[in-house]
> 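The following block contains the structure, expressed as structure tokens.
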Amino acid sequence: MEWIRLIGIAIIVVGFVLKLDTIAVVLIAAIVTGLVSGISFVEILEILGSAFVNNRLVTLFFLTLPMIGLSERFGLRMQATNLIQKLKGLTSGRMLTLYQFIREIAAFFSIRLQGHTQFVRPIVDPMVQAAAKLKYGEIDEEDREMLKAKSAASDNFGNFFAQNTFIAASGVLMITGTMKSLGYEITEIAVVQASFPIAIIALILAALNNLVTDRQMARKYGKKGGRK
């Protein structure tokens with residue numbers, strides 16, 4: 001009956017197929033798996049509690065949510081929008097490219113902009129949306145959602161492809177340590193040098209994609225105030 005211990009996988013699959021709450025499904029799967037494996041309910045709670053305490057740093061970003069909400073409530077989004085309105089000729093695509101460039105430069109100096117919740121949601125996306133509204137007027141809900149996705153993607157691309165351009169980045173140290181343990185002679189500088197072309201290529205490809213987006217929106221909405 002060893003196979004019964006795999007019931008947790010079945011619970012997760014069924015829960016995801018039925019689109020149930022992800023955290024609840026995983027938690028139930030963990031508890032059921034523990035029970036059928038002969039672990040008492042109290043021991044399961046102890047394991048879950050220890051895992052949460054040991055990884056509590058992962059949840060620290062929740063502390064920033066009230067600050068973000070207050071910032072938006074008292075005009076952060078409005079100020080970002082006003083700034084874009086003063087910058088003539090800045091399209092949504094150019095704003096996205098500019099942000100990814102800033103994200104990569106920040107990664108090179110190991111400056112963390114703190115990602116989607118703290119930076120993209122209250123600042124970058126409103127500026128991208130304002131650039132589109134200023135140039136084309138009101139745009140479709142589908143295009144607004146597309147620009148939201150591209151704002152998040154710009155953050156992901158800039159962070160992911162440029163994170164190893166800083167010599168003391170955790171990824172650089174991990175790669176170097178792993179390769180040395182396997183007998184390969186490698187330095188942190190070599191990893192950084194190999195990462196630079198990737199970051200540049202990612203920026204160029206993103207810029208081309210954003211240029212295509214600008215042209216598609218120009219064809220769809222025209223050049224002024226949504227006129228065809």
Side-chain angles (χ1 to χ4, degrees), residues 8-9 12 16 21-23 25-27 29-30 33 46-72 76 80 95-128 147-210:
I9 298 176
I12 291 176
F16 284 3
D21 184 85
T22 303
I23 296 178
V25 170
V26 173
L27 187 60
T33 301
E46 289 179 351
I47 293 172
L48 293 175
S50 298
F52 176 79
V53 171
N54 293 335
N55 296 278
R56 61 188 181 277
L57 292 178
V58 177
T59 61
L60 285 181
F61 79 94
F62 284 117
L63 298 178
T64 65
L65 296 181
M67 182 271 291
I68 297 299
L70 289 173
S71 297
E72 290 192 10
L76 181 61
M95 178 62 208
L96 291 169
T97 302
L98 175 62
Y99 175 64
Q100 184 170 330
F101 173 74
I102 294 173
R103 197 71 165 90
E104 293 195 4
I105 293 296
F108 174 72
F109 289 103
S110 192
I111 300 173
R112 297 303 173 191
L113 300 180
Q114 300 304 323
H116 299 167
T117 306
Q118 300 92 327
F119 209 81
V120 175
R121 171 66 173 81
I123 300 177
V124 178
D125 177 60
M127 295 176 77
V128 172
L147 292 177
K148 288 181 183 179
K150 283 186 172 290
S151 298
S154 295
D155 186 88
N156 290 344
F157 296 152
N159 178 54
F160 183 82
F161 291 107
Q163 61 182 327
N164 288 339
T165 57
F166 178 62
I167 193 170
S170 58
V172 173
L173 299 179
M174 182 187 70
I175 293 171
T176 305
T178 301
M179 297 299 288
K180 286 182 177 179
S181 69
L182 296 175
Y184 294 93
E185 291 296 329
I186 187 173
T187 64
E188 289 79 4
I189 294 178
V191 175
V192 170
Q193 289 175 339
S195 301
F196 264 110
I198 303 302
I200 294 172
I201 292 172
L203 180 62
I204 292 174
L205 292 178
L208 293 175
N209 181 266
N210 293 331

> What distance separates Lys150 NZ from Asp125 CG, expressed to the nearest 0.5 Å?
13.0 Å
> Shortest non-hydrogen contact from Val120 to Pro126?
O-CD, 3.9 Å
> How close do Ile12 and Ala29 get, counting heavy atoms only, and between which atoms?
CG1-CB, 3.7 Å
> Is it the case that over 12 heavy atoms from other parts of the model lie below 6.0 angstrom from the CZ atom of Phe157?
no
> Run Ile189 and Ile167 through side-chain contact (heavy atoms from CB on, under 4.5 Å) and show every step you take.
CA-CA 6 Å; Ile189 294 178; Ile167 193 170; 3.6 Å; yes
> Could you pull out the closest heavy-atom pair between Gly158 and Ala107, with the gap in Å?
O-CB, 4.5 Å
> Over 60° means perpendicular and under 30° means parallel, so tell me whether Tyr99 and Phe119 are parallel, tilted or perpendicular.
parallel
> What distance do Asn164 atom CG and Phe108 atom CZ have between them, rounded to the nearest 0.5 Å?
13.0 Å
> Give me the atom names and distance for the closest heavy-atom approach of Val191 to Ser195.
O-OG, 2.8 Å
> For the pair Asn210 (side chain) and Ala206 (backbone), establish whether a donor and an acceptor sit closer than 3.5 Å, ignoring hydrogens and angles.
yes
> Between CD1 of Ile175 and OG of Ser170, what distance do you get to the nearest 0.5 Å?
9.5 Å
> For a 4.5 angstrom cut-off between non-hydrogen side-chain atoms, does Glu104 reach Leu203?
yes
> Does Thr178 offer a backbone N or O that forms a donor-acceptor pair with the side chain of Ser181 under 3.5 Å?
yes
> As an exercise, state the distance from CD1 of Ile9 to OG1 of Thr33, rounded to the nearest 0.5 Å.
8.0 Å
> Once you round to the nearest 0.5 Å, how far does CD1 of Ile198 lie from CZ of Phe161?
8.0 Å
> Calculate, to the nearest 0.5 Å, the distance between atoms CG and CE belonging to Leu147 and Met95 respectively.
12.0 Å
> Do Val124 and Asp155 have side chains that approach each other closer than 4.5 Å (heavy atoms only, starting at C-beta)?
no
